[in-house]
Visitor: 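One structure coming up, written as structure tokens, with questions to follow.
Each chain gets a letter, A, B and so on, in the order the sequences are listed, and its residues count up from 1. Since this is a predicted model, take the numbers as computed values, not measurements.
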Amino acid sequence: MTGPRFRIAPSPTGYFHVGGARTALFNWALARRLGGTFVLRIEDTDAERNQAEWTQGIIDALAWIGISSGDPHFEGPYFQSEYAEAHVAAAQQLVAGGHAYYCDMTAADIEARNKVEGNQGYQGWSRDRGLGPGPGHVVRFRVPAGTTVVHDLVRGDVEFDNALIEDFVLLRGNGSPMFLLANVVDDMAMRITHVLRAEEHLSNTPKQQMMWEALGHPSPVWAHLPLLVNEQRKKISKRRDKVALEQYRDEGYLPEAMVNYLMTLGWTPKGPEIQPWAQMEVDFLLEDVTHSPAFFDLKKLAAFNGEYIRMLTPEQFAEACRPWLLADDAPFPADRFDEAVFLAMAPHIQPRCVTLADAAGVVDFLFLADPVVDEAAWAKTFGAGEAVAVLREAVVAYDALPEWTADALKGALETIGEGHGLKLGKTQAPVRVAVTGRTVGPPLFEALEVLGRAESLRRMRAAEATLG
RNA sequence: GCCCCCAUCGUCUAGUGGCCUAGGACACCACCCUUUCAAGGUGGCGGCACGGGUUCGAAUCCCGUUGGGGGUGCCA
């Protein structure tokens, strides 16, 4: 690959953030379309435990949204921790070139001096003290006078007055590199040409740009994406929001739906909102990215998911639902599940699901030895009018039915309803509750057809017996 | 505090000076369809934050105000 080089640089925190996923998708679209490269770098400088596991988690999460490490445009993962020497070397290079200097002041020293002088922040006090390395000595960047203009592909030129940027720390007192430095050095090492990241990094961009220049490299193309926020309009965070991509996956969201929804946050697909990835990849343009923060709306995500579930063929739907259908906590034992029955009912189940996890609850009565009876539904249905009589007549009629088909079942019940002056909506209720245990569910006659004559009648008779 | 970003229906957005009586989608409401619940169809509700300019003409350009957010660490 010779084209532009993009990157995402997640830290291994144990899950992959939906905001990170959106950023990854924007990078991925561009890397693919422009014949470039998408670099994955794990920023693991602080991570102490389970590094391999967490890294795999990130790779799996990316794969789930279609960013495959097997794709020729994918490169990595690289690990920031493996570049520690380069980070230190870069800091030393900056010191040697006069762009950085050692400082021995602690946070307490700085606070104390500011109290006396009535200042705020670090005032460059050690700039000309000629200090060398030593225990507890940090390396600070010598911010030059003037202004720094960040050319941002989504926001245009953003100007910063260098006088307002303090001489920030590059290397801690223990010699370890700070994020800002490590980030720049890694991007340089990986020959990154385009940095697309969330807007929270915009304020620190002039510092990084100054480092690129001081290190003798032209800075990359910057593009800061609008933040994803919660209903309080604050950036979504693990603390207060559901941000783990894995959690949505586990709850039964389809990756295509998640990808499509994420792409609409800060960008608008050409034509209809529901759009295949291949098309979005072709249409995506940084210039079209919105500037304002976007609310991560679960309701809209759910709507997208329902839309995508309905687009599935019955076979794809069954396949996608399998993990929930056969799970230990499914409403029925795995060995009672019947694929053929599920497949037959699938077209009726799909429009009733928001997530794949919903399916099991919709079809449970088909695979349970006996339906779980909703007491309130039972009482309400059989407490009124001719419900019991209807059920009795239905048992007789169904027992004598020549053909056990949905149409025949419906016809027979309609006839019974007419005898009582009831509409089909009312007439089907007693049968539905007897067979499924509930007043709501998938179309009754289709369900009876797949359940079979023997089992359907057994349940209806059992209900009859209970009713006395 | 200071710096930076942002500002169209509740939400995501279309809109780049006349095509805007501001369009779509989600949500919400009503009706239709109907075998319950969904799905689907039709319709409705609902917005250019405010104040000044510029212009024949402003949602669109400029300034200010207000509001929201982000940053400002020997966190990432």
Side-chain angles (χ1 to χ4, degrees), chain A residues 9-11 13 43-47 80 103 105-107 110 120-122 136-140 150 152 154-155 158-161 163-166 168-180 182-183 198-207 224 226-227 229 231-235 261 264-274 288 290-304 306-307 309-310 347-354 358 362 377 381 406 409-410 413-414 417 423-429 431-433 436 438-447:
Chain A
S11 50
T13 50
E43 306 224 319
D44 58 347
T45 44
D46 287 334
Q80 182 156 76
C103 173
M105 293 179 72
T106 64
I110 293 167
Q120 259 188 329
Y122 180 75
H137 291 197
V138 302
V139 173
R140 287 182 180 273
V150 172
D152 187 295
V154 347
R155 278 151 219 283
V158 185
E159 214 174 293
F160 296 87
D161 181 355
L164 270 9
I165 301 173
E166 68 175 35
F168 53 97
V169 173
L170 262 21
L171 249 36
R172 298 188 182 88
N174 65 9
S176 65
M178 293 286 287
F179 160 75
L180 249 25
N183 202 251
E199 198 217 292
E200 55 191 312
H201 296 285
L202 181 57
S203 295
N204 283 323
T205 304
K207 295 179 186 172
H224 289 90
L227 240 30
V229 299
E231 46 272 88
Q232 283 83 238
R233 302 251 113 209
K234 299 199 185 301
K235 67 174 177 178
Y261 176 58
T264 68
L265 263 20
W267 180 70
T268 309
K270 307 261 169 282
E273 235 176 6
I274 300 290
D288 295 336
T290 331
H291 296 189
S292 24
F295 171 49
F296 187 78
D297 188 352
L298 275 326
K299 281 223 182 94
K300 188 135 187 183
L301 205 215
F304 269 58
E307 199 77 45
I309 284 178
R310 276 169 252 134
H348 303 298
I349 303 163
Q350 285 170 262
R352 292 171 172 79
C353 292
V354 167
D358 293 341
V362 177
T381 302
L409 290 158
K410 182 183 176 190
L413 209 59
E414 269 168 341
K423 289 190 167 182
L424 188 52
K426 280 279 187 206
T427 318
Q428 56 98 42
V431 178
R432 176 182 291 282
V433 172
T436 75
R438 303 191 193 94
T439 52
V440 301
L444 181 61
F445 309 112
E446 288 75 359

Visitor: Tell me yes or no: between the side chains of Thr436(A) and Arg432(A), is some donor less than 3.5 Å from an acceptor?
Guide: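 Short answer, no.
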
Visitor: From NZ of Lys207(A) over to P of rC4(B), roughly how many Å is that when rounded to an integer?
Guide: 14 Å

Visitor: Under a 3.5 Å cut-off for both contacts, is rG57(B) paired Watson-Crick or G-U wobble with anything, and if yes, with which nucleotide?
Guide: none

Visitor: Could you give the distance separating rU54(B) and rG47(B) at their P atoms, to the nearest angstrom?
Guide: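 These two P atoms come out 29 Å apart once rounded.
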
Visitor: rG71(B) and rA30(B): how far apart are their C1' atoms, nearest whole angstrom?
Guide: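 After rounding to an integer number of Å, I get 48 Å for this pair.
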
Visitor: In whole Å, what is the span from the CG atom of Asn204(A) to the P atom of rU72(B)?
Guide: 5 Å

Visitor: Atom CZ of Phe160(A) to atom P of rC4(B): distance rounded to whole Å?
Guide: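 Whole-Å distance recorded here is 7 Å.
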
Visitor: Base, sugar-phosphate or nothing for Glu166(A)? Non-hydrogen atoms, less than 4.0 Å.
Guide: sugar-phosphate

Visitor: Fit a plane to each ring of Phe304(A) and Tyr261(A), take the angle between them on a 0 to 90° scale, and name the class: parallel (under 30°), tilted (30 to 60°) or perpendicular (over 60°).
Guide: perpendicular

Visitor: With rounding to whole Å, what would you report as the distance between rC4(B) and rC9(B) at their P atoms?
Guide: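 Their P atoms lie roughly 26 Å apart.
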
Visitor: Would you call Glu199(A)-Arg155(A) a salt bridge at under 4.0 Å N-O?
Guide: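 Answer for the salt bridge query: yes.
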
Visitor: Does the structure show a Watson-Crick or G-U wobble partner for rC28(B), both distances under 3.5 Å? Name it, or say none.
Guide: rG44(B)

